[in-house]
Amino acid sequence: MTRVRFLSSDDESVQEVDAPDGAALLEVAQNAGQPLEGTCEGQMACSTCHVIVDAADFDNLPPASEEEEDMLDLATGATRTSRLACQILLGGALDTLTVRMPPEHRNMQGR
């Protein structure tokens with residue numbers, strides 16, 4: 001199990017959930033009611049599941065693929081530690097993972 005901490009863009013709201021190892025962060029976020037759409041269904045055709053990974057956790061993730069880097073170039077509010085939630089699989093070196101929604105984040109549902 002991996003503990004995931006979701007922070008709002010203003011750090012005012014925190015939600016923590018336990019997720020099974022091997023689960024995609026996007027699925028965990030959606031099940032927790034977080035505003036990540038993931039409209040491309042993992043096909044790397046959009047950036048609607050962009051999150052900002054806490055710097056302390058970022059180095060524990062495998063490097064982003066070239067395709068993911070290209071999609072992040074299209075994301076609003078991307079930072080050095082931005083990743084696509086559909087590409088983050090929980091477990092491995094992660095005991096906990098803290099992610100933040102970008103300040104400009106709006107998905108196609110307007111959340």
Side-chain angles (χ1 to χ4, degrees):
M1 294 294 269
T2 302
R3 166 114 342 186
V4 180
R5 183 177 301 118
F6 296 101
L7 303 176
S8 61
S9 62
D10 58 8
D11 291 340
E12 294 292 320
S13 175
V14 177
Q15 180 183 16
E16 292 189 7
V17 297
D18 290 323
D21 290 343
L25 179 60
L26 175 60
E27 179 183 359
V28 173
Q30 289 175 332
N31 289 341
Q34 293 296 316
L36 293 179
E37 193 165 291
T39 57
C40 72
E41 297 179 0
Q43 299 301 310
M44 306 287 293
C46 69
S47 58
T48 59
C49 65
H50 163 226
V51 294
I52 299 170
V53 178
D54 186 75
D57 297 328
F58 187 76
D59 291 334
N60 291 327
L61 295 174
S65 68
E66 193 171 315
E67 285 180 305
E68 183 178 358
E69 292 287 347
D70 289 345
M71 290 297 104
L72 286 168
D73 287 342
L74 303 173
T76 303
T79 70
R80 183 188 71 74
T81 63
S82 291
R83 293 294 301 268
L84 299 181
C86 64
Q87 298 299 301
I88 297 174
L89 298 180
L90 301 175
L94 296 170
D95 291 326
T96 62
L97 176 65
T98 301
V99 296
R100 174 177 289 105
M101 302 302 147
E104 299 87 5
H105 181 74
R106 294 286 183 273
N107 66 24
M108 295 176 88
Q109 297 169 346
R111 294 191 289 163

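Model, not experiment: these values are computed from the prediction.
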Considering all heavy atoms of both residues, which atom of [X] and which atom of [Y] are nearest to each other, and what is their separation?
X     : Y     : result
Ala24 : Cys86 : CB-O, 4.4 Å
Thr96 : Asp57 : O-OD1, 3.6 Å
Ala55 : Arg80 : CB-NH2, 4.4 Å
Leu36 : Ala29 : CD1-CB, 3.7 Å

Which residues pass the side-chain hydrogen bond (donor to acceptor under 3.5 Å, both in side chains) test with Thr2, sequence neighbours left out?
->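 Testing Thr2 for side-chain hydrogen bond (donor to acceptor under 3.5 Å, both in side chains), a comparison that skips the adjacent residues, returns Asp21.
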
By salt bridge (charged side-chain N to carboxylate O under 4.0 Å, His left out), which residues pair with Asp18, not counting sequence neighbours?
->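 Asp18: salt bridge (charged side-chain N to carboxylate O under 4.0 Å, His left out) contacts with Arg3.
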
Any sub-3.5 Å donor-acceptor pair from Gln15's side-chain atoms to Ala32's backbone N or O?
->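 Pair found, side chain donor or acceptor close to backbone of Ala32.
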
Working to the nearest 0.5 Å, report the span between [atom1] of [X] and [atom2] of [Y].
X     : Y      : atom1 : atom2 : value
Asp95 : Leu90  : CG    : CG    : 11.5 Å
Phe6  : Arg100 : CZ    : CZ    : 13.0 Å
Glu27 : Gln30  : CD    : CD    : 8.0 Å
Ser13 : Met101 : OG    : CE    : 9.5 Å
Leu26 : Thr48  : CG    : OG1   : 7.5 Å
Leu94 : Ile88  : CG    : CD1   : 8.0 Å

In one Ile/Leu/Val/Met/Phe/Trp/Tyr side-chain cluster, 4.5 Å: [X], [Y]:
X     : Y     : result
Leu89 : Leu72 : no
Leu97 : Phe58 : yes
Leu61 : Val28 : yes

For the residue pair Thr76 and His50, establish whether any side-chain heavy-atom pair is separated by less than 4.5 Å.
->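 No, their side chains stay 4.5 Å or more apart.
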
Identify which one of Val99, Val51, Val53, Ile52 satisfies the side-chain contact (heavy atoms from CB on, under 4.5 Å) criterion when paired with Ser82.
->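 So the option named by the test is Ile52.
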
